Amino acid sequence: MARFLRNREKSKGQSPGSLIFIGTPKVDTVQIRVIDYDALTLTDQETADIREISHFNDTETVTWININGLHNVEFIGKVGQIFDLHPLTLEDILNTGQRPKIEEFDSYIFITLKMVRYDADNRMVLNDQLSIVLGHLFVLTFQEQPGDVFNPVRNRLKRQKSRIRGAGTDYLAYALMDTVVDNYIHIIEGIGENIEDLEGEILTGDDTGVMENINTFKREINYLRKSIRPAKEAVNKLVRLDNDIIDENTLPFLKDLQDLTHHAAEAIETYRDLLTDQLNIYNSVMANKMNDIMKILTIFAAVFIPLTFFAGIYGTNFDYLPELHYKYSYFIFWGILIVMAVALLYFFKRKQWF
Amino acid sequence: MARFLRNREKSKGQSPGSLIFIGTPKVDTVQIRVIDYDALTLTDQETADIREISHFNDTETVTWININGLHNVEFIGKVGQIFDLHPLTLEDILNTGQRPKIEEFDSYIFITLKMVRYDADNRMVLNDQLSIVLGHLFVLTFQEQPGDVFNPVRNRLKRQKSRIRGAGTDYLAYALMDTVVDNYIHIIEGIGENIEDLEGEILTGDDTGVMENINTFKREINYLRKSIRPAKEAVNKLVRLDNDIIDENTLPFLKDLQDLTHHAAEAIETYRDLLTDQLNIYNSVMANKMNDIMKILTIFAAVFIPLTFFAGIYGTNFDYLPELHYKYSYFIFWGILIVMAVALLYFFKRKQWF
Amino acid sequence: MARFLRNREKSKGQSPGSLIFIGTPKVDTVQIRVIDYDALTLTDQETADIREISHFNDTETVTWININGLHNVEFIGKVGQIFDLHPLTLEDILNTGQRPKIEEFDSYIFITLKMVRYDADNRMVLNDQLSIVLGHLFVLTFQEQPGDVFNPVRNRLKRQKSRIRGAGTDYLAYALMDTVVDNYIHIIEGIGENIEDLEGEILTGDDTGVMENINTFKREINYLRKSIRPAKEAVNKLVRLDNDIIDENTLPFLKDLQDLTHHAAEAIETYRDLLTDQLNIYNSVMANKMNDIMKILTIFAAVFIPLTFFAGIYGTNFDYLPELHYKYSYFIFWGILIVMAVALLYFFKRKQWF
Amino acid sequence: MARFLRNREKSKGQSPGSLIFIGTPKVDTVQIRVIDYDALTLTDQETADIREISHFNDTETVTWININGLHNVEFIGKVGQIFDLHPLTLEDILNTGQRPKIEEFDSYIFITLKMVRYDADNRMVLNDQLSIVLGHLFVLTFQEQPGDVFNPVRNRLKRQKSRIRGAGTDYLAYALMDTVVDNYIHIIEGIGENIEDLEGEILTGDDTGVMENINTFKREINYLRKSIRPAKEAVNKLVRLDNDIIDENTLPFLKDLQDLTHHAAEAIETYRDLLTDQLNIYNSVMANKMNDIMKILTIFAAVFIPLTFFAGIYGTNFDYLPELHYKYSYFIFWGILIVMAVALLYFFKRKQWF
Amino acid sequence: MARFLRNREKSKGQSPGSLIFIGTPKVDTVQIRVIDYDALTLTDQETADIREISHFNDTETVTWININGLHNVEFIGKVGQIFDLHPLTLEDILNTGQRPKIEEFDSYIFITLKMVRYDADNRMVLNDQLSIVLGHLFVLTFQEQPGDVFNPVRNRLKRQKSRIRGAGTDYLAYALMDTVVDNYIHIIEGIGENIEDLEGEILTGDDTGVMENINTFKREINYLRKSIRPAKEAVNKLVRLDNDIIDENTLPFLKDLQDLTHHAAEAIETYRDLLTDQLNIYNSVMANKMNDIMKILTIFAAVFIPLTFFAGIYGTNFDYLPELHYKYSYFIFWGILIVMAVALLYFFKRKQWF
């Protein structure tokens, strides 16, 4: 499967804006959780019935509807009718291969991001699609599967004095995106630590697993980048948006978020560079080791091959080979061999081979 | 043949705007298919007679004229007269090496793109030129050869309730371009899958075909890039165009298309980077294997060459060679050899060579 | 000689705008060809006498004066006086190392480009400087030497119905530049074909001339780039120029030219990338072949060196060497050798070395 | 620990703007130093009591409050109350992994930078966070630990005629930032000197420590870059800021600072390039040395292995081996060996192997 | 010493704008040369007395004061008082490590550039700082040491009819900068010629000095770049400056200068790329040669090692070794050896190893 580009196959030739789920269903049934609050009151309710949602839209309170599970196309279509979503918005919600982006529509802002998890066993970064529809009085969030990522936000919502309770839908959307981006930083940090730890192994060059590690980390960093770079663009666009859904008191927070995504994107680039440098250094270490190996081979060969030749000479069976018959020949022979060996070793020593 | 830059040879020194077909004719005769529709009625008609076209231009309905085959210069020239096309437009339609672009003229928008096919047997990406002339009441499409690419659009046209039936020429042109760009995504995904699958072979480094694969994919990805990057520029320009042919209801769809081409272009870059990384990793794997080979050679040579030398010494025929005559010489000799061999093996073991 | 930066030496410390020819004279005498035309009449005249030129300036017809040969500084100076050219324009015309550019003056637009030829024998791209002075009623072109590059334009001029006859000086200048840029495409295509053909040789890695080819093509592509990139900038600037010398009917043609230079510049980058990729692949092929060589060496050495050692053992002359005297020793000895050899070969086979 | 991305772990899921110290406490207790001055008077006072600060805010003089130690969250919170700081400002002050930036708030400008130290023993660049809150009448500086970095500024403050005494808070903030950036230049220069000194070692290729050095310097240069690049952006933003806290007389100084950060950032890039070049050259040197080693091995092997073979031939014990019995065989044998050896050496000499 | 970043050490912690000379004094005493001219009159005067300068400022003529030697801080300070220079201007004049830039002040434009020399013996580019203060009626130039660089300008000044005599201070400043930039081109050309000449040596790969040359040129090209890139920025800024010191008649000349610096910067990049390409090619050449070396070694080893083994077999002293006693054994033995050798050589020949 092409991890770096998710399948649009099913939608080929379909009418743009037609509703088709693209991806792998990750839950069995669609789950809905509705939190409705203002500064004074809060209700929190789980349901699986689409009809429960419809009347929330009328209240003056902030309504956050979180939907887990995207494979039920009909269900998503009904949500679209209730909140008057553009067909392209619905198409994007259902396409889990959608590139992160932000799009302004008449009555809402549509945001789609990737939520990222790290599967430490397979050393693999996993993606879930998160779509946020940010209206004046409602925030819809669409996730592929349930997760505890947003629990801290829910907890803050329950504290009556928290800033989030006093603010509007824009601040809620910000809080959710902040959680997602915080998670990017967290995962980059985890992988980054492993990358920085590679350095020692690289310089000794012992472990042949180093290269596999470099390869794995490079791939996963690239995979992360695919989620984070467009997210950065999207947040930049959000900050510049001149839309009355965004209150000006929320703007400093969005700028902070912009900063954070910038930080994440920069860290990604830094680690990519680091891995490239590490591979280069590793190659140099390999070349160095090769030189050392060849030096050892050459020293052994260059010292002993000539000696063996000389031994071979006096192993010949010529009838007339005068040196063989002198009394001290053998000792002179040894003497010459030793002188030759020492001379060769001295030659290599001067070349600083050892 | 230079695949990356198609021949303009024939047109050298010709008057700019003069009509010459540049490319290889891919069909024998020109085929015309005219679909004329509005929300209520639709006629679909195939013809080879240029005169059939001329009176379509008068109606208030949307007229889509698809022309397969570009080699008949005279024919294209007549089409140009009927629809009052600029000489440069005709020149671009006939030049199958034309770079994708969009150009605004007084009464129409001219769009030229590449349609892309993947020849899996030769692992080769193939290009066909598609030119679209988008007027207020007509859409002309010029293809090098017939294909079933646009059939889904035709099917949607036949469903009376589809959005496309209620919309104007701009939406039709969008639908056609969306089909082309969707196909880019599809083909990138196919090649991308193969690229991602290379990884395993690279790390073992066994198959020498890996390099050929990397080379092939890199070339084809580059070839795709040549079509997609200018297409991205063209779609960007289309979105920013302030032309009353483009209805504002179509704009969200064009933005979606812009997003999709952006996605395709980004995927191309990602796969290029991936291939570069893979080649680097492969080189490291090769260097590693080389080190292993040399270690084996060095161990064998370093252990046995000295031993052979010693054997050689006692194979000499010196008259006076005292060691030969002691009773246990031979066994002592073996002892020394074994000690030497073990010492050398211990030396290499400590160097972690095996 | 530094091909990539032509000598300004002679002008060092000279007053800017002072007239000095920089380059190698390529013709003996200056040649002038004057074509004077409007939609109805055309005169074509060759001369070497500067005085012939002066009175052409008064007519309402379009006057194209082509001058071959730049070494006659005094001559160029007189032309400058007749047409009231700025000293910097004259300096640029005379400096054959001038970077392509476009400059707007009060009464004319000054354009300087490189005309490019390919010397197939020496596989070398050659440059000639072309300067165009585009006024309301005259076009001056300055070439280093005569060539047949502009003949097609002259032929079109002679056909009374051609667009060029009905248009002004701007269209003539466009036609000339189009010829020059068309030629870029043609030459890039020629080199590109050779580059693409390298691929086969690279993967077999047999021909050591591959590297020389890669080197040559890279250098020449770089050399072309030096001419084409600034030409692209110049044409971009020309399109954006708001000058009444440029008629708005000519603008679509200039945009087409812009597109063409863009195409050329892009092809240059594509081929540069291709060459870089090819060199990388070639290096991998080399590394692969090295591994194969070393495997052969190692197999021979590792199999025969131990065998030779064993033969050496039984070649020693120890008085007491019991194995020598058993009847089947020699055959057992062979048996052991063969077992050893087979075991080693099996070891390398399992490592998939052959 | 991931040095290139500091831990936000503790803040995960926390309310944005909630006060948590992120980092390692570097001092035990918080230290406060308050310098209050105008052109005529100056008071300098150290304290650890938060209440001392509160009344400084009222005076018309410039008040510089320097706080060492960030781990006391409650303390920082109180400072925030006194000076009416935005929660995000406090969060950034407490997060020592914060990316350098500048942010404009209603009543102050918030600046955060990294102060950099070089630990020469471990050849490691160390970071401390510096946050500056620049109001109309006060400058707050928050450091992780005390240091003598700002002493020169304090000394200048004490000289009554210095420019700093006559200027406002903006000039004080400038002077502090200038000190920080000066220090960047100083540290880059120190590392740069070491990098430039590597060149000699690289070309001889003797010292295997070279690669470790290149690796270390590359890592530290990358680490510095992480601090300096965003600092450059921040200073650029500061210069463009249209805020009445910044007096126009201070602007030339800020532009000078901008220039200095630009210079630092450029030097970082230059040294990165230099290190990359050095590693490439080093790899070539290694390849060259490898060639030399292999030449020596090949010469020894190619000369002596055939000779040994010939000696082996006449060491065989064939009953009928005629050459053995001629009188001059041995000498002819030596003659042939010498001729062979000389011929082989001549062969290698002609190949310019030695 | 860090050549790529000059020492600011002495100024660390100093008040910004305080006067300290940073660099190595290159002359003993300060030399002043004053040229005062208009279209009709010219005086030229050398002096060492600061008081001589002060009254020049009053005249309506153009006054060019050239000062050689910067180490006398007090002297520079007085010049600053006379011409009312900003403290930062004086600081920049005295800091010989200052990055090239242009700064606009109330009554003058401050320009600082590097003058570049090439020390051919040490193959080293050397820098001198040039600062130009361009006022309405005066031009101050500050050099580190005397040189004959500006003599051509002085000679032109002495010719009464030259353009420079009729123009203002802006044209004089232009003429000086043009001289400096011309010199860049000249030096790049010199180094470029050497770089292009390397190509031949690289492809043969014989001379091991190639790598040292590549390294040297790369370093010096980088060093030049450090001067030229900011100079390009500065000239760009100068052209865009809207300051009444710059007459509009001078603008075409400044644009020409802009073009020239652009040309220089582009040539620098071209040569950098060329050197990178050359190093890559050189590495491939090295790898190729290594392959050749290993082939020779492998052929010798693979042919003779098995032969030696066979000779060893028949050198054993087994009592019962039947082959030794046949009459033609020795000749059969030779026959087998030759067949083996020929077979192996054929094997390598088929692999195209020789």
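Owing to the predicted nature of the structure, the values given are computational and were not obtained by experimental measurement. Values below: every heavy atom of this structure, side chains too, minus hydrogens, waters and symmetry copies. So you know, we letter chains A, B, ... as the sequences are listed, proteins then strands, and number each from 1.
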Based on non-hydrogen pairs under 4.5 Å, which of D/Phe150, D/Phe309, D/Phe318 is most in contact with chain E?
D/Phe318
Got E/Pro230 and D/His262 here, is their nearest side-chain heavy-atom distance under 4.5 Å?
no
For the pair E/Arg225 and D/Asp273, find out whether any cationic side-chain nitrogen is under 4.0 Å from an anionic carboxylate oxygen.
yes
Which bit of D/Glu199 comes within less than 4.5 Å of chain E, counting heavy atoms only: side chain, backbone, both or neither?
side chain
Spacing of D/Met286 atom CE and E/Met286 atom CE [to the nearest 0.5 Å]:
13.5 Å
Indicate the atoms forming the closest heavy-atom contact of E/Met211 with D/Val285, along with that distance.
CE-CG2, 3.3 Å
Return the option, out of E/Leu321, E/Thr308, E/Ile313, with the maximum number of heavy-atom pairs under 4.5 Å with chain D.
E/Thr308
With chain D as the partner chain, list the residues of residues 322-332 of chain E whose heavy atoms fall under 4.5 Å from it, by residue number, and write 'none' if nothing qualifies.
E/Glu323, E/Leu324, E/His325, E/Lys327, E/Ser329, E/Tyr330, E/Phe331
Where on D/Leu274 is there a heavy atom nearer than 4.5 Å to chain E: the side chain, the backbone, both, or neither?
side chain
Exercise answer: donor-acceptor pairs, residues 300-307 of chain D side-chain atoms, under 3.5 Å, sequence neighbours excluded:
none

Non-hydrogen atoms of D/Asn291 and E/Lys289 that approach each other most closely
ND2-CB, 3.8 Å
Residues E/Asn215 and D/Tyr282: side-chain donor-acceptor under 3.5 angstrom
no
For E/Asp92, all residues meeting salt bridge (charged side-chain N to carboxylate O under 4.0 Å, His left out), sequence neighbours excluded:
E/Lys101
Drop me the distance from E/Lys218's NZ to D/Asn280's CG, to the nearest 0.5 angstrom.
6.5 Å
Can you tell me how far the OG1 atom of D/Thr298 sits from the CD1 atom of E/Ile293, to the nearest 0.5 Å?
6.5 Å
Per-residue tally against chain D (heavy atom, under 4.5 Å) across E/Glu103, E/Arg219, E/Arg99, E/Arg229 peaks at E/Arg99
E/Leu337 portion near chain D, given a 4.5 angstrom heavy-atom threshold
side chain
Looking at D/Pro252, D/Ala267, D/Gly312, D/Ser284, which makes the most heavy-atom pairs under 4.5 Å with chain E?
D/Ser284
Working note: E/Asn222 + D/Asp277, criterion side chain to side chain contact (heavy atoms under 4.5 Å, CB included); need CA distance, chi angles, decisive distance, verdict.
CA-CA 11 Å; E/Asn222 275 339; D/Asp277 289 352; 3.5 Å; yes
Please check if the number of heavy atoms outside E/Phe354 that lie under 6.0 Å from its CZ is greater than 12.
yes
Select one option (side chain, backbone, both, neither) describing which atoms of E/Glu233 are under 4.5 Å from chain D's heavy atoms.
side chain
Got D/Ile281 and E/Glu212 here, is their nearest side-chain heavy-atom distance under 4.5 Å?
no
What's the separation between atom CG in E/Asp292 and atom CE in D/Met294, rounded to the nearest 0.5 Å?
12.5 Å
Qualifying residues under salt bridge (charged side-chain N to carboxylate O under 4.0 Å, His left out), relative to D/Asp259, sequence neighbours excluded:
none
Which atoms form the tightest heavy-atom contact between E/Thr316 and D/Asn317, and what is the distance?
O-ND2, 2.9 Å
